[in-house]
Amino acid sequence: MIEFLNFYLIPGLVLGSIYALGAIGITLTFSILRFANFAHGETMLLGVYITWSLVQFSGLHPLIVLPVAAMLTVLAVLFIDRAFYKPFRASPTIMVVIASFGMMLMIRSVVQFIWGVQLKGMTQGIQRPMVFFDSLRISPKHVMIISATIVLMLAVHYLLSRTKIGKAMRAMSDSPELAKLTGIDTEKVVRMTWIVGGALATAAGVFLAIDTHIDTNMGFKMLLPMFAAAILGGIGRPFGAVAGGLIIGVVEEISSYPWIGTEPLLNPGYKAGVAFAIMIAMLLWRPSGLFKGKVF
Amino acid sequence: MSVLELDAVVGGYGDTQILHGVSMKVDPGEIVVIIGPNGAGKSTAMKAVFGLLNLSGGKVSLDGEDITNMPPEQVVRHGVCYVPQTSNIFPSLTVEENLEMGAFVREDDFQPRLLELYEVFPPLAEKRKQTAGTLSGGQRQMVAMAKAMMLEPKILLLDEPTAGLSPKYRGEIFSIVKTVNATGTPILMVEQNAKQALKIANRGYVLVDGKNKFEGSGQNLLDDPEVAEMFLGGGAAA
């Protein structure tokens, strides 16, 4: 039982938190700008490398430089929106989707060009796990990731439910046409969407880098589980995306627990497939997701 | 001077021309109704005011100012509010958040206006914290109208506010339209339920094939045998 908590459930929650933060950006872009942003994983990647450079440069802890890194990443994302997505605002969705696909390849190449392709580490040394009740072992970085995620989610909740621009984001996610007719400044809402998505993607990427390591494929590897999380929660439902992320993270991890006998139920090599199995099952059974999102 | 005036407006979507020279006006304090058969261009005429289609000819003016082909987000800022026939509320927002969004372009404190409108629409005050998508059709219409009224517009455009509503709600909506109008806001309204609409209207226009066919006071149009024959379903109650 304690082994289940230590090695399966808690890592699952950590991975789930990372998916959740990334999926919020995907679900917001999907519902407000109406396109599936394939470059979202690469936003994460860019954020991670910017953070890495700042850490190298300043010698500070990644969590301390994270706000600055997030700001720089957001600036890059706003520039990309202005230069590459804005011209397609009135075009059919498929054109922007393909543009974002191209953007994904471009960002990754730029990152590989600047920072190289070898593995890097965000933090050095090994951390001793904290021990609770003699047997529950949680590594400090996991405590940090989960608590930082909770703080960020509360911030997102505050933004969306209490501020004018946040409410306008939800309004535009309901109906971009009506938002325009109502006089809502839709370009401002779009910018805010990129700011929130870009900042959360940076945080998610940095948490993943702290938990594992840094390589230039990490964004792409995260992309599809994040989409699965957004779809599971319902497109346009940020808290659905959070629930979806946590469910997918936890299920991926516990799928290799020896539920029957002593062998893992599912070989850990198949973990990535679990997210898709959940996504496909959801699309077949309930395409609007757990929290009744949009169906396009 | 008329609040709103359309002068020989010509236009449509893409290459399809729908309006072939429509003229109409709304004077201060009036309720004006546009009626006519399906495809006559009633809703299109209204969208022409709001910059939702490209006009190739004619002129739209608001308080004497030329607003022809002005984009919708500008038209709103000039004090015209438009309530589309469908998807006219934000379903996942609460009633109060919907009204707040209606006030998006306002820089000043809109709370007093909010309270005023809760008095005009008492059911909304009761349900202000409820998600708008869970309301009945009639109450959604109220949200849509109240949301548009948040800006204290110079004129309110309503596209078939009673479409798809039960007769009970229809009556309610028409009386709300009258109440809103009584607060001093002129209203231009497209209606399928022509008879009831003309009863509360000061004046009406009958459009056919994108052109003016008849016009007159609400009562005159109701009494006109030709109009009655063609558009009011003969003598039968609509």
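Computed from a prediction, not measured in an experiment: that's the story for all the values here. To find a chain, count down the sequence lines: A is the first, B the second, and so on, and within it residues start at 1.
Contact annotation: the side chain of B:Ser92 approaches that of A:Asp174 to within less than 4.5 Å [non-hydrogen atoms, C-beta and beyond].
When the side chain to side chain donor-acceptor pair (under 3.5 Å) test is applied to B:Glu107, no partner is found at least two apart in sequence or on another chain.
B:Leu52 touches chain A through its side chain: at least one heavy atom from C-beta onward sits under 4.5 Å away, while N, CA, C and O do not. Proximity to chain A (any heavy atom under 4.5 Å) is shown, for B:Pro91, by both the backbone and the side chain. Proximity to chain A (any heavy atom under 4.5 Å) is shown, for B:Glu73, by both the backbone and the side chain.
More than 12 heavy atoms of other residues, nucleotides or ligands sit less than 6.0 Å from atom CZ of B:Arg106. For A:Met153, the CE atom sits in a packed shell: over 12 heavy atoms of surrounding residues, nucleotides or ligands are nearer than 6.0 Å. Within a 6.0 Å radius of OH in A:Tyr158, other residues, nucleotides and ligands contribute 12 heavy atoms or fewer. Taking a 6.0 Å sphere around CE of A:Met106, one finds it holds more than 12 heavy atoms contributed by other residues, nucleotides or ligands.
When the heavy atoms of residues 181-188 of chain A are compared with those of chain B, the residues falling under 4.5 Å are A:Leu181, A:Thr182, A:Gly183, A:Ile184, A:Asp185, listed by number.
Between A:Leu178 atom CG and B:Tyr82 atom OH the span is 10.0 Å, to the nearest 0.5 Å.
Top candidate by heavy-atom pairs under 4.5 Å with chain B, chosen from A:Lys164, A:Arg237, A:Lys180, A:Lys167, is A:Lys167. Counting heavy-atom pairs closer than 4.5 Å to chain A, the top-ranked of the candidates B:Val76, B:Thr94, B:Val105 is B:Val76.
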